[in-house]
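What follows is one structure encoded as structure tokens, with my remarks underneath.
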There are 4 protein chains.
Amino acid sequence: MMNTIGKILTLTTFGESHGPAMGGVLDGVPAGAEIDLDALQRYVDRRRTGQSAGSSTRDERDRVEVLSGIWQGKTLGTPIGFIVRNTDARSADYDEMARCYRPNHADFTWQAKYGIRDHRGGGRASARETVCRVVAGGIAMQLLNQLGITIESSITQVGSCHGVTTEDIARLIADAASSGDTLGGVIACTVHGVPAGLGEPVYGKLQAQLAAAMMSIPSVHGFDYGDGFEMAGKRGSEVMDVFVKRDDGSIGTMSNHSGGIQGGISNSEDITMRVAFKPVPTLMRDVPTVDHEGHSVTLHPRGRHDACVLPRALPVVESMAALVMLDNYLMSKNYVHR
Amino acid sequence: MMNTIGKILTLTTFGESHGPAMGGVLDGVPAGAEIDLDALQRYVDRRRTGQSAGSSTRDERDRVEVLSGIWQGKTLGTPIGFIVRNTDARSADYDEMARCYRPNHADFTWQAKYGIRDHRGGGRASARETVCRVVAGGIAMQLLNQLGITIESSITQVGSCHGVTTEDIARLIADAASSGDTLGGVIACTVHGVPAGLGEPVYGKLQAQLAAAMMSIPSVHGFDYGDGFEMAGKRGSEVMDVFVKRDDGSIGTMSNHSGGIQGGISNSEDITMRVAFKPVPTLMRDVPTVDHEGHSVTLHPRGRHDACVLPRALPVVESMAALVMLDNYLMSKNYVHR
Amino acid sequence: MMNTIGKILTLTTFGESHGPAMGGVLDGVPAGAEIDLDALQRYVDRRRTGQSAGSSTRDERDRVEVLSGIWQGKTLGTPIGFIVRNTDARSADYDEMARCYRPNHADFTWQAKYGIRDHRGGGRASARETVCRVVAGGIAMQLLNQLGITIESSITQVGSCHGVTTEDIARLIADAASSGDTLGGVIACTVHGVPAGLGEPVYGKLQAQLAAAMMSIPSVHGFDYGDGFEMAGKRGSEVMDVFVKRDDGSIGTMSNHSGGIQGGISNSEDITMRVAFKPVPTLMRDVPTVDHEGHSVTLHPRGRHDACVLPRALPVVESMAALVMLDNYLMSKNYVHR
Amino acid sequence: MMNTIGKILTLTTFGESHGPAMGGVLDGVPAGAEIDLDALQRYVDRRRTGQSAGSSTRDERDRVEVLSGIWQGKTLGTPIGFIVRNTDARSADYDEMARCYRPNHADFTWQAKYGIRDHRGGGRASARETVCRVVAGGIAMQLLNQLGITIESSITQVGSCHGVTTEDIARLIADAASSGDTLGGVIACTVHGVPAGLGEPVYGKLQAQLAAAMMSIPSVHGFDYGDGFEMAGKRGSEVMDVFVKRDDGSIGTMSNHSGGIQGGISNSEDITMRVAFKPVPTLMRDVPTVDHEGHSVTLHPRGRHDACVLPRALPVVESMAALVMLDNYLMSKNYVHR
């Protein structure tokens with residue numbers, strides 16, 4: 001259970017990486033919004049294998065098939081069902097996994113939980129499931145943009161290297177790949193144009209919702225917002241975001257250590273956050289592990305795998321932010337009695 | 001809305017810091033569990049003002065009044081309703097807040113959201129609400145302990161100082177307080193004795209649930225698990241948790257970079273996480289800010305406030321971990337068909 | 001679990017009939033609504049024992065204590081916590097129940113489910129829990145009235161007698177009571193002033209939400225809306241609600257067989273429904289039953305019990321209708337993108 | 001929103017009747033259950049047009065395509081995604097509906113709610129959506145059967161005729177159809193083999209969940225269980241279900257006026273309920289109505305429509321019962337602490 005995320009805007013997804021298709025249902029989208037399906041396909045293509053250096057060269061061809069909820073270019077207010085067919089799935093590459101557990105993967109824990117699993121390519125635990133996040137996030141993004149809210153993300157760390165250019169990223173990943181090794185890194189994400197007042201106090205704080213959304217992405221090991229972990233080392237006097245009256249009469253802050261959120265609610269400044277990814281667990285080397293009975297075995301490298309997921313993860317991070325922000329925008333309509 | 005957390009085990013809370021009482025309803029607790037109410041009161045007392053250096057000296061006397069769901073020392077399977085009366089609330093200390101916004105507090109965002117707020121002591125946005133988390137968490141903890149699961153936490157950073165003793169903490173906080181300044185820090189939390197197989201794949205990954213729970217605590221700005229943000233800087237070969245057969249025949253890992261969770265599901269190793277707190281926003285100094293109309297005003301220090309919340313936050317962190325872990329334990333009963 | 005009802009407006013309740021208090025949390029109430037607490041108390045008093053013929057003569061004195069969410073006569077947008085203390089609870093009257101199962105009560109099923117129960121007065125299964133529904137419903141009703149929506153209910157059947165006056169009701173109940181017997185009946189409920197467009201298609205149809213709310217009231221055995229069960233016996237041509245243009249230019253229907261709901265969504269006509277109650281299960285006669293081990297025993301009448309709950313159930317029915325209608329009103333703000 | 005039903009076992013569906021496909025996601029199904037997909041297809045075929053007298057003669061060919069969650073004949077514990085393609089959709093038959101509102105349909109209310117609708121064949125409001133209920137219900141049914149729980153339903157009333165044979169039904173429907181008129185009726189449904197202890201007290205009473213599930217079926221106007229509405233006219237002494245010790249030592253009741261549920265929880269007797277359907281709203285006659293602007297217009301009969309839905313509704317009723325019962329079975333694993 002719990003293949004659903006969101007409160008008023010809910011996304012429910014399904015699909016194993018080597019089954020017939022991935023898919024999902026995005027419910028709660030208001031009626032009458034214009035959706036450009038070509039733009040949506042281009043948005044989803046950003047996540048596609050091979051789009052950037054360091055990604056594997058499979059041509060996954062993730063064609064989005066919208067099955068409901070959008071008609072004549074507009075949302076109907078009904079649930080948007082969609083699927084993306086799985087193709088080019090070489091199940092034979094994964095036969096070894098049926099018998100043994102890859103380190104730092106979900107093989108062992110999944111077996112412990114269910115007593116059964118589709119081992120091919122990780123099954124439901126594969127990062128393949130993120131394609132559904134991007135389809136739904138792309139739809140949410142189009143609605144947000146119409147409301148003046150935009151989201152962008154960038155890679156700020158690859159491996160131990162902070163502050164990286166596109167060229168740096170390609171080079172670092174190629175270096176690691178050449179030795180059969182892999183890299184993690186950090187993605188920074190910013191939401192612009194959020195009005196003050198979005199977010200739910202107590203358990204539904206905006207940062208709690210964003211953290212849950214980001215930490216649910218495969219390989220993510222950390223989340224912070226505003227000055228984040230660094231803020232823990234500062235004095236109160238150093239991180240005070242002093243309020244000022246802006247030229248347009250609205251109230252803003254002179255600095256933004258708080259990352260656009262105070263008391264769990266947006267304050268109209270940019271919402272800033274960081275998402276930390278562990279290195280890809282699949283090495284292109286022989287790896288020691290155990291089989292189902294605990295006997296030592298050696299895993300031999302097989303198939304094609306990214307040496308670093310960060311370039312492909314950018315639209316995933318943006319999509320999760322978009323889903324959370326639109327959900328909170330919809331909730332905000334119920335704050336005041338009238 | 002969203003004053004509820006949890007899926008099968010749900011906690012719903014209410015209360016403004018200067019209203020008559022804080023309270024909550026813990027629903028989904030299985031029947032027949034023994035609850036020691038005296039032990040629960042002692043657990044809640046750990047959060048009390050004045051228990052440790054750097055806390056304010058108010059005697060809050062948080063007496064837990066259980067109103068339902070526990071009878072003759074056992075849970076009934078019915079919702080456990082409880083309240084904690086608010087006492088010693090000097091509302092006059094907060095008159096200034098009715099007109100102006102304290103920096104890094106929820107005053108401005110709350111007003112933007114609702115157009116109305118109980119300004120006294122922060123109202124619902126006050127950290128006073130965490131008393132309900134501790135009451136409910138203390139109950140969950142007693143059930144977990146009966147299942148062999150234990151949780152502990154410690155302060156690993158105060159201000160810029162990493163690796164601190166109790167004496168260090170007291171001294172650092174006293175130093176900051178002496179200049180009217182405040183400190184944040186980091187709490188590490190570990191869950192022992194978790195069987196393999198707890199957690200929900202995709203949106204309900206154990207780390208996503210834990211992150212949401214921790215990030216919902218007032219002042220928390222960051223969360224990671226296992227090697228966390230540091231893991232982003234390592235190579236895949238450096239953080240591989242190699243599987244081994246334990247002496248008892250079960251499968252474990254030689255290292256624990258993964259923090260006890262793989263693919264969103266527990267692997268039976270200790271679950272380790274870090275929670276970063278920003279410095280307390282209320283300084284004991286004159287502070288510049290604006291009033292409702294954006295006019296510049298100066299806030300004068302008033303009332304008594306902790307210079308650092310970390311000592312009091314320990315049971316809050318443990319309680320949120322306990323609520324998440326028990327909820328996931330309950331969910332685990334539904335994994336396999338029989 | 002599942003002591004919560006509602007989607008955006010949620011009510012969570014707790015309390016055993018002979019524990020310290022009943023209580024609840026009403027979350028999702030918009031901010032800034034005026035609440036008259038004296039009017040609320042009078043509304044709750046309608047449910048009180050002894051208010052009408054056939055009710056037991058206990059003076060329950062259900063004083064509502066609001067603990068949060070309302071300040072200076074207005075809602076804060078925060079959860080409204082409330083309790084009603086239990087008084088005059090003669091637990092000794094119920095000793096027999098600890099060992100044997102009363103027919104048509106929840107004693108046996110509760111024991112089968114939890115393996116433990118507070119047998120005193122039915123515990124959580126007692127109709128005493130409806131006091132929380134009325135407190136929350138009374139608050140929802142005040143908001144609805146401010147929106148022009150009103151709700152009324154009346155008893156249309158007592159025992160086998162259809163179309164009853166207040167005098168009939170008193171006489172019928174007295175007759176039954178004189179022989180130690182009890183009566184059920186039917187309550188009709190109408191919601192006026194509902195705009196067209198409230199309700200959710202498919203699983204959240206307005207009639208499905210209303211049915212769930214009404215069927216959750218203790219003793220209710222049936223629900224229908226519009227022409228209901230009678231409509232099953234009519235031809236399509238006999239129950240057609242022909243659309244007409246009203247004088248104000250809006251569209252209405254000439255008849256209202258549909259009970260104000262079409263396709264699960266309100267059509268601006270009155271919403272009409274019926275709620276069927278079984279006779280009170282507690283007779284003032286010796287009754288044969290079994291104890292925990294299945295041995296035959298005889299239950300002797302004890303305590304004071306209503307011979308018919310319908311007079312006291314009117315505000316309960318209205319309250320459940322109010323909670324559903326306000327929840328759907330709040331949901332309706334999210335239908336269209338803007 | 002609210003295209004989801006269930007608590008632990010959740011069904012989320014999508015699809016407009018004249019869009020590319022209907023579909024759904026059944027989440028929370030335990031792992032390791034055997035599913036016979038051929039038997040599932042046969043179960044779904046029961047709902048197909050033309051299977052019985054009085055149904056329209058379209059050959060809808062509802063081929064179920066399972067996309068995830070079932071592998072090698074067993075459930076994986078992951079969400080079961082499925083679609084059923086829409087075929088033979090003659091949109092031109094529905095052009096008239098784009099401009100005017102059919103009486104007793106969802107055309108007007110849908111337009112009022114969303115300001116936009118796919119008018120072709122009723123869009124999302126079409127009974128076509130019930131195919132998804134039957135697919136999911138068929139899966140739930142297979143799991144229930146493995147647990148010894150079975151469900152059956154039958155038509156007990158067609159039009160004004162109570163107690164009908166298959167021949168009666170065919171004749172009554174043909175009679176009505178010959179004059180362009182339509183019929184409703186009543187379906188009785190029984191659940192056998194339910195252990196004592198299923199159901200949630202207060203808002204989640206078994207009858208409340210069943211009522212919500214049944215009342216969400218298109219055209220349903222009434223629900224009751226046990227002696228239902230008739231019970232309202234009986235005295236307490238007439239409907240007492242006296243407990244007895246069964247031969248196997250378990251406790252049962254001598255009669256079953258309570259319909260297998262007491263206090264919202266199953267008592268191990270058969271669960272009995274009735275579901276009332278209104279007559280089909282689409283007549284094969286000229287019908288007066290209004291267009292979007294309120295002008296009077298006449299609707300001319302077009303397309304093919306059932307004169308009575310009851311024969312096709314049997315598997316829909318059984319499926320909703322199956323979904324509710326399996327969900328409650330899963331919940332029951334969490335009642336007692338161990």
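A note on names: the letters A, B, ... follow the listed sequences, proteins ahead of strands, and every chain is numbered from 1. Reckoned from all heavy atoms, side chains included, excluding hydrogens, waters and symmetry mates.
Considering only heavy-atom pairs separated by less than 4.5 Å from chain A, the leading option among D/Gly23, D/Gly19, D/Gly69, D/Gly32 is D/Gly69. Counting heavy-atom pairs closer than 4.5 Å to chain D, the top-ranked of the candidates A/Ala31, A/Pro30, A/Gly77, A/Ser68 is A/Ser68. No other option in D/Pro20, D/Gly24, D/Ala21 has as many heavy-atom pairs under 4.5 Å with chain A as D/Pro20.
The CD1 atom of A/Ile70 sits 12.5 Å away from atom CG of D/Asp118, with the distance rounded to the nearest 0.5 Å. Distance check, rounded to the nearest 0.5 Å: CG of D/Asn3 to OG1 of A/Thr78 gives 7.5 Å. One finds the CZ atom of D/Arg85 at 6.0 Å from the CG atom of A/Leu67 (value rounded to the nearest 0.5 Å).
If you measure heavy-atom distances from A/Val29 to chain D, you find no contacts under 4.5 Å at all. Using a 4.5 Å cut-off between heavy atoms, A/Leu9 makes no contact with chain D at all. Neither the backbone nor the side chain of A/Met22 comes within contact range of chain D; no heavy atom of the residue lies under 4.5 Å from a heavy atom of that chain. Neither the backbone nor the side chain of A/Gln72 comes within contact range of chain D; no heavy atom of the residue lies under 4.5 Å from a heavy atom of that chain.
Taking the six-membered ring where the residue is Trp, the centroids of D/Trp71 and A/His18 are separated by 6.0 Å or more.
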Quiz prompt | From CA spacing to verdict: side-chain contact (heavy atoms from CB on, under 4.5 Å), D/Lys74, A/Ile116 | solution = CA-CA 9 Å; D/Lys74 286 197 174 173; A/Ile116 186 175; 3.8 Å; yes

Exercise. Starting from the C-alpha separation in whole Å, work towards a yes-or-no answer on side-chain contact (heavy atoms from CB on, under 4.5 Å) for A/Thr4 and D/Thr4.
Key: CA-CA 10 Å; A/Thr4 298; D/Thr4 297; 6.0 Å; no

